[in-house]
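Below is one structure, written out as structure tokens, with a few remarks after it.
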Amino acid sequence: MTSTTKWPNNARACISITLDNMGEAADINRGLIPESDPVGDHHSVKVELPRMLEVLDRYGAKVTYFVEGWNCDVYGPTMQHLHSSGHEIAFHAYQHEVWSTLPIETETHNLTRSITSASSLGITYKGFRPPGGMITPHTLSLMKSNGLFYLSPAAQRVAVVEDVAILPFQWSSIDAYFYMHETAALRVGNGEGKEPINEDEMERRLLERVDEVVEEGGYLALLFHPFLTVGKRRLEVMERVVKKVMEREKEGKVWVAQAQEVGKWVLGKGVEVFGSDPGWDDAKWKMRPEGT
């Protein structure tokens, strides 16, 4: 099967622009801020996100934003604005808990209560990106029973597993890989140093990766975190990557689509085209303390 028949309109590759994490959810889950502290005015929502949306609007790009269910009660108007503006809101756990560690009871509760909260905002989840990148043995069946039809885990390639479309991200193609001290384990695992990588190098690699995926005929999920897109230079990096992606779409080389659109397409083509082995990536993103 050639790349020209894999994607719509004979595009050679497919790219989804995605965002992850909203507000204080992850910090509360990790105990970085007390649950009793006031919430609802986080800089990533009030400052960074509007700037990122201006960039996306400038190039006509519609994203998939994976948002924790906790935010429905805190940033509901923001989520509704995103939804009504044509962006997709997808599930990113309840409070950014590492999904693969959850017992089935917690997994079920966190999904179903998030679905209920999102529904109250007029939002219906179609897909899920698990914090930590991995899932439990129960996740796919739980997703299907609640109407979710695609998963965006850490993996190598698009596939169909148990009638769920697998739309992977690769750690080395997301901003957190470059910017965060906490992702040192991933860099070390790739033969790089522990220290974060600067904006210039991230820009160079992501622009290069866009061209690589066109040559490969594959799928790329670009991933930006509002809380990391601070300052002029980081926003500029995002803009240059988005600009290049949208230019490749105008050239007919790339199908730029939200994850829900890609998921429907992949399921329509099925295992015959995309296979059933996504090449799961079980790399741990946090560096373990020395001596443990």
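For residues 224-237, the salt bridge (charged side-chain N to carboxylate O under 4.0 Å, His left out) pairs, not counting sequence neighbours, are E199-R234, D200-R233, E203-R233, R233-E236, E236-R240. The side-chain hydrogen bond (donor to acceptor under 3.5 Å, both in side chains) analysis of residues 74-87, with sequence neighbours excluded, yields the pairs E24-Y75. Sorted by first and then second residue, the pairs that involve residues 142-170 and meet side-chain hydrogen bond (donor to acceptor under 3.5 Å, both in side chains), not counting sequence neighbours, are E88-Y150, R129-S152, R157-D277. Residue pairs satisfying the ring pair (Phe, Tyr, Trp, His ring centres under 6.0 Å) criterion with at least one member in residues 226-246, sequence neighbours excluded, are listed as follows: H225-F227. Applying the ring pair (Phe, Tyr, Trp, His ring centres under 6.0 Å) test to every pair with at least one member in residues 106-127, sequence neighbours left out, gives these pairs: F91-Y125. Listed by first and then second residue, the salt bridge (charged side-chain N to carboxylate O under 4.0 Å, His left out) pairs involving residues 43-62 are R58-E239 (not counting sequence neighbours).
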With salt bridge (Lys or Arg N to Asp or Glu O under 4.0 Å) as the test, would you mind laying out the steps for E251 and R248 before giving the verdict? CA-CA 5 Å; E251 295 165 358; R248 294 295 177 266; 3.2 Å; yes
Run the salt bridge (Lys or Arg N to Asp or Glu O under 4.0 Å) check on E215 and R209 step by step: do they pass? CA-CA 10 Å; E215 292 302 314; R209 184 70 190 115; over 6 Å; no
Walk me through it: do R205 and E208 pass the test salt bridge (Lys or Arg N to Asp or Glu O under 4.0 Å)? CA-CA 5 Å; R205 292 192 197 181; E208 184 178 84; over 6 Å; no
Could you please spell out the steps behind the side chain to side chain donor-acceptor pair (under 3.5 Å) verdict for E107 and T139? CA-CA 8 Å; E107 185 176 12; T139 301; 2.4 Å; yes
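Partners of S119 according to the side chain to side chain contact (heavy atoms under 4.5 Å, CB included) rule, which considers only residues two or more places apart in sequence or in another chain, do not exist here. Qualifying salt bridge (charged side-chain N to carboxylate O under 4.0 Å, His left out) partners for K244, counting only residues two or more places apart in sequence or in other chains: D211. Applying the side chain to side chain contact (heavy atoms under 4.5 Å, CB included) criterion to P278, with sequence neighbours excluded, gives A155, A159, V161, I166, W280. Residues satisfying the ring pair (Phe, Tyr, Trp, His ring centres under 6.0 Å) criterion with Y179, sequence neighbours excluded, are absent altogether. Checked against side chain to side chain contact (heavy atoms under 4.5 Å, CB included), E105 has the following partners two or more places apart in sequence or in another chain: P103. With sequence neighbours excluded, no residue satisfies side chain to side chain contact (heavy atoms under 4.5 Å, CB included) with P50.
Aromatic pair F274/W7: centroids less than 6.0 angstrom apart.
Looking only at side-chain heavy atoms (C-beta outward), V230 and L228 stay at 4.5 Å or farther from each other. When side chains are defined from C-beta on, F149 does not count as touching V164, because their heavy atoms never get closer than 4.5 Å. Counting heavy atoms from C-beta outward, I197 and Y177 have side chains that approach closer than 4.5 Å. Within the 4.5 Å cutoff, side-chain heavy atoms of L49 are placed close to those of L19. A heavy-atom distance below 4.5 Å is not found between the side chains of V254 and R12. Proximity of P196 to R187: side-chain heavy atoms (C-beta onward) are separated by under 4.5 Å at one or more points.
Separation of atoms CG (L121) and CD1 (I89) is listed at 9.5 Å; rounding is to 0.5 Å. Note that OG of S173 and CG of L206 are 6.0 Å apart. Values are rounded to the nearest 0.5 Å. K126 NZ to T64 OG1: the interatomic distance, rounded to the nearest 0.5 Å, is 11.0 Å. T18 OG1 to L223 CG: the interatomic distance, rounded to the nearest 0.5 Å, is 3.5 Å. Here CE of M202 is found 11.5 Å from OG of S172. Values are rounded to the nearest 0.5 Å. The CG atom of L111 sits 12.5 Å away from atom OG1 of T106, with the distance rounded to the nearest 0.5 Å.
For the pair S117 (side chain) and C72 (backbone), a donor-acceptor distance under 3.5 Å is absent. Within the 3.5 Å criterion, the main-chain N or O of G23 finds no donor-acceptor partner in the side chain of W70. Using modelled atom types, no side-chain atom of Y59 and backbone atom of V245 make a donor-acceptor pair closer than 3.5 Å.
Ring geometry for F128 against W99 counts as perpendicular: the plane angle is over 60°, on a 0 to 90° scale with 30° as the lower cut.
Using modelled atom types, one finds no donor on one side chain facing an acceptor on the other under 3.5 Å when comparing E97 with Q95.
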